[in-house]
Amino acid sequence: MDKVYDHKKVEEKIYSEWEKKGYFAPEINSKGRFYSIILPPPNANAPLHFGHAMYVIEDVLIRYHRMKGAAALWLPGADHAGFETQFVFEKHLANERKSRFDFDRGTLYQMIWDFVQKNRGGMESQLRKLGFSLDWSRMKFTLDPDIVAIVYKTFKKLYDDGLVYRAKRLVNYCTYDGTSFSDLEVVYEERKDPLYYIKYGPLVLATTRPETKFGDTAVAVHPDDKRYKKYVGKEIDIQTVAGYARIKVIADESVDPAFGTGVVKITPAHDFNDFEVGQRHNLLMKQVIGFDGKMNKHAGKFEGLYVKQARKTIVEEMQKKGLMEKIDENYIHRIGLCYKCKNVIEPLPMEQWFVKMEPLAKPAIDAIRKGKIKIHPKSFEKIYFHFLENIRDWNISRQIVWGIRIPAWFCEKCLNWTVTDGITPENCSKCGSKKLVQDTDTFDTWFSSAQWPFATLLAQSSSKSKIKNQKSKIETSSDFEKFYPTTVMETGYDILRWWVARMVMVGIYATDKVPFKNVVLHGLVKDPLGKKMSKSKGNVINPLELVDQYGADAVRFALVYGTALGNDQALSYAKLQGMRNFTNKLWNIGRFIEMQQLTTDNLQLTELNSIAKHESDKEWVKKVESLVLEISRYIDSYQFNLAAERLYEFIWHEFADKYIEDIKNRINENSFTVLSSLFTVQLELLHPFMPFITEELYRKLGVKDSIMISSWPK
RNA sequence: GGGCUCAUAGCUCAGCUGGUUAGAGCGUUACAUUGACAUUGUAAAGGUCAGAGGUUCGACUCCUCUUGAGCCCACCA
């Protein structure tokens, strides 16, 4: 054995051997326990970031339960990441001075498909380098035909149950990216903007958006506001930059009498609150801003101006005409931005597909309350409940091509929509006309992601059953029956609402079962200075570079060591180095044992108990016995940091520093058997965390061909 | 406005349902070591566990408040 452990010599070789031997595939006909985790599918198009390296927690669980005898499935997948990917692709196009509008839908889709296929393997090989024991034979992609078929079925079911509806509502629209977004995809930023006090006939109102005044269909005051009581219900004459107009004054509870002058203009087509006021008072919706971000024909001479320009021009004109009472230049408010391109989100009225969330949210809330699903750490339950108890309907259509196209056809004759489970209909379901046009929109990526646990397993079942028909009858059980609900859903807490909550809702709806029994949430990995890693800050660290430098085992161990579940951590080079040193320590314990040149059987703890002769040896057997219990308990309770810390402490500072030093002077065959067997046990305990070096030492010491076929010590 | 998390040795952090002298890594100091390992060992210094109050026989650990840091949600025209 070399004096120093070199991970580069072993990791890749070992992983490919494991994969070849099929160690990662669970025994589907097992009579024992089934254990399953679905990997949160990384973006197929992007390299892994440090958050993905945290999936080491899943590998720890899978390897642990596999060793304990469960048929343990860890199913990998890749996400098409609809908008994210199209966004990247469009940047790519822009570099070539092209845009998506230069291509027809089919061509564009094919181009993105090729683009993604080119990049796709990267992510998969990175997962391998991290040592993740994923069952690659069950790999799934969100755009696989069998997955798409399931997504369609769910959509159809939702539609048939009246939970999907199409409506003209205000949506969060990014005029730069040309698509609408869900509420979660809007980020807010505090800004200082002018607050304009505009004269409206006898009234004065305050607004930050004078350019939308062409879309005003009412003026509102609070019902109890004495100042304006006499106007309520009446129409007032106002002078505007475009001439004279009449507008209705209404009373609505939502108006805050203390804000500005207590008078608000109501623009139902361009403000979420105004839209609701408009619904209550039956107001007209008048759209004055187009999807291109420019003022439309209702803005008169301002038509064609971008919102910003229009605002400036209108303000100037109002000032000239004496319609501007005053301007408060220091008004601070928060405005919604596109999470991706950071342009201002424009609330625009648009026909979209929505999912009614309340009926879905209720069972999802119950599932946690009744303990059918447990969230670890528990403190995240509050966030979960808060989201579901205040949930709003989900806009699931996106105006992009990269994704699953919505299976809905519009009838040009009767204007009705025909929804199918994916099959192109020949006739309109209402009037029978053949003049059908498919919706050009695609699903929000998260709509398919929300179905991931059952979709992946159901898709596996169908392909498996095909094999079944051809071959034998042994394969009576499908993946879905065996592995659903999955045991654990492990992911970053930052997507608890985006993903986890939606999986629970859609999962229960589609399958009548919770999609998983436990939610395990890890924290964010930040840069060494404690700042969030982001491309724009330029502080992104590639996990694979560190794997290369310190070894996968060291990186894995560093990520779980010293950070309690759900807490963020700053990457630390000192820690990585420390963990790399730990691998070397292990290596040298192995080397010490090898150098004794004594052959020995590797005995189980129970056997050691009876053969150990020396008092001290007996004690160490007991110590390791209780270590086994301790580590098991820590893993069972998702306290991975404690398991790692304890193993580190014990192996290095107790076993190596004390026991080995003690035994050096009195080595004999009996003691040696105890020592080396105990080391084997420790390797087994460590294996879920550090799969490579434990395997290499196992082989070097001649315990077995592979640690993958050994079981958790008892 | 609401919520969550965190404040423990110089630095980075552990410390489960309250119970012996509060722990680790890195760093620091002294010594040792060509002997499994310098990616080493032994030893040492270093903390009134943010502050105040409360519950308790007993609190770093539970409760309340205060201060400070970070994050999330909502959103006011």
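FYI, side chains are in, hydrogens and waters are out, and symmetry mates aren't considered; it's all heavy atoms of this structure. By convention in this document, chain letters (A, B, ...) are assigned in the order of the sequence lines, proteins followed by strands, and residues within each chain are numbered from 1.
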Answer yes or no: is there an ion pair linking [X] with [Y], defined by an N-O contact shorter than 4.0 Å?
| X | Y | answer |
| --- | --- | --- |
| A/Asp225 | A/Arg227 | yes |
| A/Asp271 | A/Arg209 | no |
| A/Glu389 | A/Arg369 | yes |

Of A/Met579 and A/Arg209, whose closest RNA chain B nucleotide lies nearer the 5' terminus?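 Comparing both residues, the 5'-ward one is A/Met579.
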Closest-nucleotide ordering on RNA chain B, the 5'-leading residue of A/Asn273 and A/Asn581: A/Asn581
Using the [atom1] atom as the reference point in each nucleotide, state the distance between [N] and [M] in Å, no decimals.
| N | M | atom1 | result |
| --- | --- | --- | --- |
| B/rU5 | B/rA45 | C1' | 33 Å |
| B/rU29 | B/rA9 | C1' | 15 Å |
| B/rA36 | B/rU21 | P | 39 Å |
| B/rG25 | B/rU64 | P | 36 Å |
| B/rC60 | B/rA22 | P | 10 Å |
| B/rU66 | B/rC26 | C1' | 34 Å |
| B/rC6 | B/rA44 | P | 33 Å |
| B/rA74 | B/rA69 | C1' | 22 Å |

From the set B/rC75, B/rU39, B/rU5, return the single nucleotide nearest to any side-chain atom of A/Ser379. B/rU5
Which nucleotide, B/rA74, B/rG70, B/rA36, lies nearest any side-chain atom of A/Lys526?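 When the side chain of A/Lys526 is considered, B/rG70 is the closest of B/rA74, B/rG70, B/rA36.
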Check the distance between [N]'s [atom2] and [X]'s [atom1] and give it to me in whole angstrom.
| X | N | atom1 | atom2 | value |
| --- | --- | --- | --- | --- |
| A/Asn390 | B/rG3 | CG | C1' | 11 Å |
| A/Leu337 | B/rC75 | CG | C1' | 14 Å |
| A/Glu190 | B/rC72 | CD | P | 14 Å |
| A/Leu388 | B/rG3 | CG | C1' | 15 Å |
| A/Phe592 | B/rG35 | CZ | P | 13 Å |
| A/Ile667 | B/rA36 | CD1 | P | 11 Å |

Between CG on residue A/Asp6 and CD1 on residue A/Ile693, distance to nearest 0.5 Å: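 Here the interatomic distance stands at 10.5 Å.
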Check the angle between the aromatic planes of A/Tyr550 and A/Tyr573 and answer parallel, tilted or perpendicular using the 30° and 60° thresholds.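 The rings of A/Tyr550 and A/Tyr573 sit tilted, inter-plane angle from 30° to 60°.
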Give me the ring orientation class for A/Tyr648 and A/Phe582: parallel if the planes are under 30° apart, tilted from 30 to 60°, perpendicular past 60°. tilted
Is [X] close enough to [N] that one of its side-chain N or O atoms is under 4.0 Å from OP1 or OP2 there?
| X | N | result |
| --- | --- | --- |
| A/Arg392 | B/rC75 | yes |
| A/Lys664 | B/rA36 | yes |
| A/Arg497 | B/rC72 | no |
| A/Lys585 | B/rG41 | yes |

Between the protein and nucleotides 11-18 of chain B, list the N/O to N/O atom pairs that are separated by less than 3.5 angstrom.
| residue | atom | partner | partner atom | Å |
| --- | --- | --- | --- | --- |
| B/rC13 | O3' | A/Gly562 | O | 3.3 |
| B/rC13 | O2' | A/Gly562 | O | 2.4 |
| B/rA14 | OP1 | A/Asn567 | ND2 | 3.0 |
| B/rA14 | O5' | A/Gly562 | O | 3.4 |
| B/rA14 | O3' | A/Asn641 | ND2 | 3.2 |
| B/rA14 | O2' | A/Glu645 | OE1 | 2.5 |
| B/rA14 | O2' | A/Glu645 | OE2 | 3.2 |
| B/rC16 | O4' | A/Gln639 | NE2 | 3.3 |

Taking all non-hydrogen atoms of both residues, which atom of A/Val255 and which atom of A/Ala220 are closest, and how far apart? CG2-CB, 3.8 Å
Taking every heavy atom of A/Arg633 against every heavy atom of A/Ser637, the minimum-distance pair comes out as O-OG, 2.9 Å
For A/Ser637, answer base if it contacts any base atom (sugar-phosphate contacts may also be present), sugar-phosphate if it contacts only those atoms, and nothing otherwise; contact means non-hydrogen atoms under 4.0 Å.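 The residue A/Ser637 makes no contact with any strand.
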With a cut-off of under 6.0 Å to the ring centre and 45° to the axis, is A/Arg646 in cation-pi contact with A/Tyr634?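 That pair does not qualify as a cation-pi contact.
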Only one of A/His376, A/Lys374, A/Glu490 clears side chain to side chain donor-acceptor pair (under 3.5 Å) with A/Asn518; which? A/His376
Residue-level proximity of residues 647-663 of chain A to RNA chain B when a heavy atom falls under 4.0 Å: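 Result for residues 647-663 of chain A: A/Tyr648, A/Glu649, A/Trp652, A/His653, A/Ala656, A/Asp657, A/Ile660, A/Glu661, sorted by number.
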Output, in order, the C-alpha distance, side-chain angles, deciding distance and verdict of side-chain contact (heavy atoms from CB on, under 4.5 Å) for A/Asp444 and A/Glu185. CA-CA 11 Å; A/Asp444 177 3; A/Glu185 284 154 314; 4.2 Å; yes
